[in-house]
Amino acid sequence: MLRKRIVEIIESAVEKASAQGDIVSSWKKPLTGFADAADPLFTELKTAVRPSHGLPGDLLPGARTVIAYFLPFDPAIPRSNHRGNFSSEAWAVAYIETNRLIAGINDQIAGLLEQKGFRGTRLPATHNFDEEQLMSDWSHKHVAYIAGIGSFGHHHMLITDKGCCGRLGSVVTDAVISPTPKSNRERCLFKFDGSCRQCEKRCPAQALGVDPFRRHACYDRLLENARLHERYGLADVCGKCAAIVPCSFTDPVRSASRKKTENR
Ligand code: SF4
Ligand code: SF4
């Protein structure tokens, strides 16, 4: 019941925001996943992300479940960001508006949990990272991976069944909600069969490649875009590697295997 209500809150907040006149951006139907707070993968984030990466219990003592969700952008937003070396206005505005939407959703989820006698965190969507190492002590995308929402692409973003163009939010709670079954399947074409690499070709900062991710080169580009769009608020974005590539709106590995089956 709680699980259903949480999914409803997320979906209805997205529908309302998409229809709201003073919000420019719109979103497709969200994806929601649930992870057991005791999942050993959370401890592995101390190696995979950074030693100080938090455990659910660090954010909320007595944590039992982590809720993660993906809000996919309306395709017009990535389309606007396809050309040129700098982020489109629509992409920058969508980032800011989605961060606000995530804050509202988290607030509503925490409110529901409190009504039912539980607790829930109100974590911000972003700007919770170490500016030197450019890594977060609570990585929503790694958390979303553990909650079964997607898998990592060559561009270091999470590819979900609805692609990678959108934003992620998460809530830690002490309510027990059964976890979403995890799928280890590969969704990135490069990781699956060595093909594609379109994200790499699209990156204006040459941050992607077979070498380790050039995190600082990427971040410099985000800051340039933040300056360009500062009249809207803080939009340290880029997204060129995500906009109009095979994984923008779908899981391209699954789509390719469906096509093969249909052509047989
Ligand atoms: S653009 Fe291609 S290589 Fe890059 S993450 Fe998407 S599927 Fe993988
Ligand atoms: S966000 Fe921009 S700079 Fe960073 S990897 Fe993607 S394309 Fe490159």
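Order of appearance sets the numbers: ligands from 1, and atoms from 1 within every ligand. Starting from 1, each residue takes its place in the sequence as its number.
One hydrophobic cluster, built from ILVMFWY side chains closer than 4.5 Å, cannot hold both Val176 and Phe34; they sit in different ones. In the hydrophobic clustering of this structure, Leu158 does not group with Val245; members are Ile, Leu, Val, Met, Phe, Trp, Tyr whose side-chain heavy atoms approach within less than 4.5 Å, directly or through other members. Both Leu112 and Tyr69 are part of a single hydrophobic cluster, where members link through side-chain heavy atoms under 4.5 Å apart. Both Ile105 and Leu2 belong to a single network of hydrophobic side chains, linked directly or stepwise wherever heavy atoms of I, L, V, M, F, W or Y lie under 4.5 Å apart.
At least one heavy atom of Pro204 sits less than 4.0 Å from an atom of ligand 2.
Proximity to Val245 (heavy-atom distance under 4.0 Å) selects the following atoms of ligand 1: 1 (S). Heavy-atom contacts of Cys196 reach the following atoms of ligand 1: 1 (S), 2 (Fe), 3 (S), 7 (S) (cutoff under 4.0 Å). Listed by number with element, the atoms of ligand 1 under 4.0 angstrom from any heavy atom of His155 are 5 (S). Close contacts of ligand 2 with Cys218, meaning ligand atoms under 4.0 Å from a residue heavy atom, involve 1 (S), 3 (S), 4 (Fe), 5 (S). Ligand 2 places these atoms under 4.0 Å from at least one heavy atom of Cys203: 3 (S), 5 (S), 7 (S), 8 (Fe). The distance from ligand 2 to the heavy atoms of Gly239 drops below 4.0 Å at these ligand atoms: 1 (S).
Screening Lys28, Lys29, Arg185 against Asp161 for a salt bridge (charged side-chain N to carboxylate O under 4.0 Å, His left out) leaves a single residue, Arg185.
Looking only at heavy atoms of the protein, atom 5 (S) of ligand 1 is closest to His154 N, 3.4 Å. Looking only at heavy atoms of the protein, atom 1 (S) of ligand 2 is closest to Cys238 CB, 3.5 Å. Atom 3 (S) of ligand 1 has as its closest protein heavy atom Arg197 N, 3.4 Å. Of the protein's heavy atoms, Cys188 SG, 2.4 Å lies nearest to atom 8 (Fe) of ligand 1. Closest to atom 6 (Fe) of ligand 2 among all protein heavy atoms lies Cys241 SG, 2.4 Å. Counting only heavy atoms of the protein, atom 7 (S) of ligand 1 lies nearest to Leu189 N, 3.3 Å.
Backbone or side-chain N, O or S atoms of Cys247 reach atom 6 (Fe) of ligand 1 at under 2.8 Å. Using a cut-off of 2.8 Å, one finds that Cys199 contributes an N/O/S atom close to atom 4 (Fe) of ligand 1.
Side-chain N or O atoms of His155 include none that pairs as donor or acceptor with a backbone N or O of Gly239 at under 3.5 Å. The backbone N or O of Trp27 sits less than 3.5 Å from a side-chain atom of Ser18, completing a donor-acceptor pair.
By the 30° and 60° cut-offs, the orientation of the rings of Phe73 relative to Trp91 is perpendicular. Using the six-membered ring where Trp is involved, Trp138 and Phe42 have ring planes that are parallel, under 30° apart on the 30 and 60° scheme.
Around atom NZ of Lys116, no more than 12 heavy atoms belonging to other residues, nucleotides or ligands sit under 6.0 Å away.
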